[in-house]
Amino acid sequence: MPRRELRFLRRGRVISLSGFAPTTTVLDWLRLDERSTGTKEGCAEGDCGACTIVVARLRDGQLVHEPINACIALLASLDGAELITVEDLADGDTLHPVQEAMVKHHGAQCGFCTPGIVMSLFALHHAHEGEIDRARVETALAGNLCRCTGYKPIIAAALEGCARPADDVFARSASTRMAALAELDDGRSLFVGDEDRFFAAPATVDGLAELVLRYPDAQLVAGATDVGLWMTKGLRRFDRMISVQRVTELTHLETDDEEIRIGAAVSLAAAASVLGDLDDDLATMLARFGSQQIRAAGTVGGNIGNGSPIGDLAPCLIALGAILELRRGDRIRTLPLEDFFLAYRKQDREPGEFITRIIVPRPGPQDLIRVTKISKRRDEDISAMLMALRLTVDEGRIATARLAFGGMAGIPCRAPAAEDVLKGHVLADAALWRRAAAALAEDLQPLSDLRASADYRMQVAQNAVIKALAEMAGIPSHITRIVPRREVHHV
Amino acid sequence: MSDTLRHVSRALPHDSARKHVAGTAAYVDDLPEPHGTLHLAIGLSPAARGRLIDLGIDAVRAAPGVVAVLTADDIPGRNDIAPSLNDEPLLATDRVLYFGQPIFLVVATTRDAARLAARLARPVVEKETPSVTIEDALARGETVLPDYAFGRGNVAPALADAPLRAQGQFRIGGQEHFYLEGQVALAIPGEDGEMLVHSSTQHPTEVQHVVARILGVPQALVTCETRRMGGAFGGKESQATQWAALAALAAHATRRACKLRLDRDDDMQITGKRHDMRADWDIGFDSDGLIHAIDLQLNARCGCSADLSQGVVDRAMFHADNAYFLPVVDIRSKRLKTDSVSNTAFRGFGGPQGMLAMERMIDAVAWSLGKDPLDVRKANLYRPGHDETPYGMRVTDADTIHAIIATLEETAHYRERRAEIAAFNAQSPVLKKGLALTPVKFGISFTLKALNQAGALVNVYADGSVRLNHGGTEMGQGLYQKIAQLVADEFGIGIERVRITATTTAKVPNTSPTAASAGTDLNGMAAIVACREIKARLAAYAATLWECDADDIVFAEDALSAGNRRMSFKDAAASAIRERISLSSTGFYATPDLTWERDKGRGRPFYYFAYGAACSEVIVDMLTGENRVTRVDILHDVGRSLNPAIDMGQIEGGFVQGMGWLTTEELVYDSDGRLRTHAPSTYKIPVASDVPEHFQVMLHPGANREATVHRSKAVGEPPLMLAISVFAALCDALHSLAPGKLVPLDAPATPEAILRAARQIAPGDLF
């Protein structure tokens, strides 16, 4: 029997809730129900970070503190976790070290973004991986907009406040908190509400398959980093929601010498740690993908299942030759990822079917990978164009080429004409690079929109291909790009 | 009276710093809601221009939770929220003026009920083709205000006679304020038609006046209170009134408290921006790079109404000289009417646009002569004998900007880096570096003379604690803290004894907006005047007691003293009250020495100038247009700083905000006049990683030569324009592709704009 109420840890107590609308966000619950107004709404779309909270969870027996955008996070996603907000940090009159550092460095002016910044820094404080540097701080803050300070004092506060391993009330009470979280983790499915209006979070993939088949009209949700916007901006109200986040099998991330198997509910952050190891360009792209808050909540399956033409993951995985695994009832099928995307916002997914895994073949020693993400702003921006290229090169000759794009068509897609130009030819040939780039005109007909004109998209796509091939042919990346890549050797 | 300083000039934290970080600083949406508070949502116009035939709100009225749906017909007073002319309604009547214009108001039991109901409307508009762009408006010849010009000499012959000449058209983009706290107001009805409005506004007095006008009640019945804003930047100067007035209208209609908080997308879509402009320029100069004559036409996209466009475009004109002497000059302006939300105040108030146009001309001179742009800048600076602005004001302290540039050129190693960059660019086919050092001269005072006044109310209580109130509002700039420091030092008491209170029209009336960088100059002075009045009374009392001269009484170290006589401030307050001495006083200040005859284009509109300079370095990828700002050095003049930490914060923050305006912040409208970049997902302000690690800011030492508060200088707006150095550096990098050519880069310099410019001047393959 599934559990009929949502349970999470809050200020040392277990909160049990059952009478909430499935679309209730964490932010609305905090501000309207609990009347904790320290957490702010700045944009209600997960882009400004003013609503950042920290969710503490047990992951593989470790206590982790993840920053989340409360504005688009579903209240029910807190099941089994601990909710920490800005009001909780100070120990009586004594501010938390990151709060103290923010005061000392004059890191707040108007103060409205500050609670979110404090929470991002609190998460960084607890993620402490040893040495902390400016680049790490910039990544941690990419999802927090500040319009007053110009960030300089905030970065200084972060470097100081997160310099040492966490030694705050939360660290000192870690064992108690872990015990409380372990107690909440009953491994049961969650079903709050009734047939007509419910939020369900099955614990097993069989349970999920059954539920999705029974309620094919229910909205599937994972991190809600897009579904959340349908609610806050589109004002859509889903009566039936099925979350994949508690499905144990879908949270598995397995690697071996042959392939990487990523469960659909694996967070983008967790996937980044594995995919980023394949190539520095992938690591860089994934560090620029959304923000830390979005990557903590958003999932690989969600990013693909959503079918966005500008999702950054799909073209990368297509170039890598990823296989998608779907399940409907008891039927499991697989297909090359590029075949999943049929047309703008239309995918090869039947009612009652859901994504279970993405299987990525591990690149070999002859594989070269390049990814270029073009956006108006370097961090936390949706791509105007994303190019991902994987070549297999045998003694200087291109054996196979997989070239994929985002933002260049209604769906993430390959560029077959350009791939044909490359196949079988000697890589170190500038004329070849230009021919491949020119062939993109056959492959792609991009649109003009608010992010970029069609002309610019095509231009940077072609230039990205030329650059990538030039680099693969041996031109050092400090010649071709502002931030040179770190070379990764595939074994 | 001594002025021993315990607090002034110290880098004390913002008054709310601890509350900010703890999440306990309350903004309007955080205030406890009175029982039964109703929530509002706005119905938006589905077209930018046309006749409003029908609101189509039957389904809205029938929606669950809806208490009332209000339209223009429900306004008891005058349907007019315009700050200047009577040209902008609270709710649309027969015509719609821009896409998203409020056309009705839903009052419901919850925020979601109100918003869901509002979407059920099916308004009918007889659509007309809107004027969206500057060119649309020029073609239609529609303006919101008459054309205006000033200048000196006869430009046409001077241009014709100049040895060299350059011309061009330069587009300067607008900017969304993106205050993190969106527009919000909570209106609470009282008895006899009273209305209390909590508003996130820079201008509580205007909110009070507009609410009174809308409700048709005397201003004395309306109170507007503002404790703090979560950012404003000019966006809440005239344009916080509409939401406050709507909340008040609903509270008036329902006799219940009503709250209106705009969703971010609505906020961005239906509030004004920085004016985008097209500068049509023509410059005559000689081979030394000296300017002979300038003809400049500023075409400003004002939107649907005048709003603050008179002051904004005037200020653009006032700053079209930046720091340079223009012997013969004609500066003209058009205030174009477009069918878009009225553009409004934004940090710099037009100044940045005027200044950027000037810097484009300077660069053009340098490029055509093959000179270093810094040399052209220095050659044309105001200097003795060449010190009169195009509007007839003399620049008497140009030595300040000469000194700032000379120092910065040295400390930033400008010349060495210029050489290094040239060497780098010569061997780098794809990546090009650029460097620029640009000055800022910014006039301080409202150019509408009447606004240069301020009031304060200071109360001393029997225990010696002090309650401070003034007309200035706190939007993060640290005004409350600076004034509390001033007051503490006036009384010689610890700042913890000074209670800062919310700005309210009930305590200090008839105030000016907190704007024009003048908040501290004006309100600080008013507060000091109030303190000195109370001190004079206390001193007179102590002098009688001690049989000494009142002038000998010193206020310091929490006490009054004269010679070896001493009485704690607390005791002095208590005994003064027993002696029936008033310890409450107002203070009032009006900026002296201002003259401005707009019809003649002559006068002294500014009390003084604030100066600064910035040196920025960039690196640009010429195959994608991607770029990074790699180093910034700033030297800025704040006079004698009242609080160096707060002033540094203003400089750093202003610079980064200006950098965003000129690089990644792009407003994209479609042909229907609808803003497509109406959320942070599509409109990109700088994030932490856009700020260079080497970002050094120094304060230029020196006191204000005018008698401002403790000889400090205003700091709110001027630093924004330091970011012009980033734009100029990007142009410099592009110029290296094709020396001698005019770089056709418009603002903002998005990667796309940069790549387009690069391809235009250097179309071939880079490698």
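Lettering follows sequence order; numbering is per chain, from 1.
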* To do: Ignoring hydrogens and angles, tell me if any N or O in the side chain of B:Y27 forms a donor-acceptor pair with the backbone of A:K40 under 3.5 Å.
  =>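 No.
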* When you measure from the side chain of B:R18 to the backbone N and O of A:D93, does any donor-acceptor pair fall under 3.5 Å? ->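 Judged by distance alone, yes, a pair lies under 3.5 Å.
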Can we say [X] and [Y] salt-bridge, meaning some charged N sits less than 4.0 Å from an Asp/Glu carboxylate O?
X: B:E666; Y: A:K376; answer: yes
X: A:K233; Y: B:D265; answer: yes
X: A:R31; Y: B:D30; answer: yes

* **A:E41 vs B:R261, salt bridge (Lys or Arg N to Asp or Glu O under 4.0 Å): CA-CA, chis, key distance, verdict** => CA-CA 11 Å; A:E41 179 185 308; B:R261 178 172 64 78; 2.8 Å; yes
Value rounded to 0.5 Å, distance of [atom1] in [X] from [atom2] in [Y]:
X: B:H14; Y: A:H106; atom1: NE2; atom2: NE2; value: 11.5 Å
X: A:C148; Y: B:L180; atom1: SG; atom2: CG; value: 7.5 Å
X: B:E652; Y: A:Y151; atom1: CD; atom2: OH; value: 13.5 Å
X: A:L145; Y: B:I685; atom1: CG; atom2: CD1; value: 4.5 Å
X: A:L32; Y: B:H39; atom1: CG; atom2: NE2; value: 7.5 Å

* Asked: Where is the tightest heavy-atom contact between A:D28 and B:D112, given as atom of each residue plus distance?
  ->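 Result for this residue pair: OD2-OD2, 4.5 Å.
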* Asked: Does any heavy atom of chain A fall under 4.5 Å from the side chain of B:L623, the backbone, both, or neither of them?
  ->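 Both backbone and side chain.
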Side chain from CB out, backbone as N, CA, C, O: work out which of these in [X] comes under 4.5 Å of a heavy atom of chain B, or both, or neither.
X: A:I479; value: both
X: A:R457; value: neither
X: A:Q462; value: neither
X: A:E45; value: side chain
X: A:R377; value: both
X: A:S453; value: both
X: A:A470; value: side chain
X: A:A142; value: backbone

* Pair A:D47-B:R264, salt bridge (Lys or Arg N to Asp or Glu O under 4.0 Å): steps then yes or no -> CA-CA 11 Å; A:D47 256 284; B:R264 175 63 62 182; over 6 Å; no
* Apply the test side-chain hydrogen bond (donor to acceptor under 3.5 Å, both in side chains) to residues A:Q459 and B:R756: give CA-CA distance (whole Å), side-chain angles for both, the deciding distance (0.1 Å), then the verdict. => CA-CA 10 Å; A:Q459 193 65 43; B:R756 195 187 308 122; over 6 Å; no
* Asked: With side chains defined as the heavy atoms from C-beta onward, is the minimum distance between B:V687 and A:E138 less than 4.5 Å?
  ->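 SC-SC contact between B:V687 and A:E138 ruled out.
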* Between chain A and each of B:T750, B:T682, B:I651, count heavy-atom pairs under 4.5 Å; write down the option with the most. =>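 The option with the most such pairs is B:T682.
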* Check each of B:E176, B:E665, B:E181 against A:R147 using the salt bridge (charged side-chain N to carboxylate O under 4.0 Å, His left out) test, and report the only one that passes. =>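 Going through B:E176, B:E665, B:E181 one by one, the salt bridge (charged side-chain N to carboxylate O under 4.0 Å, His left out) with A:R147 is satisfied by B:E665 alone.
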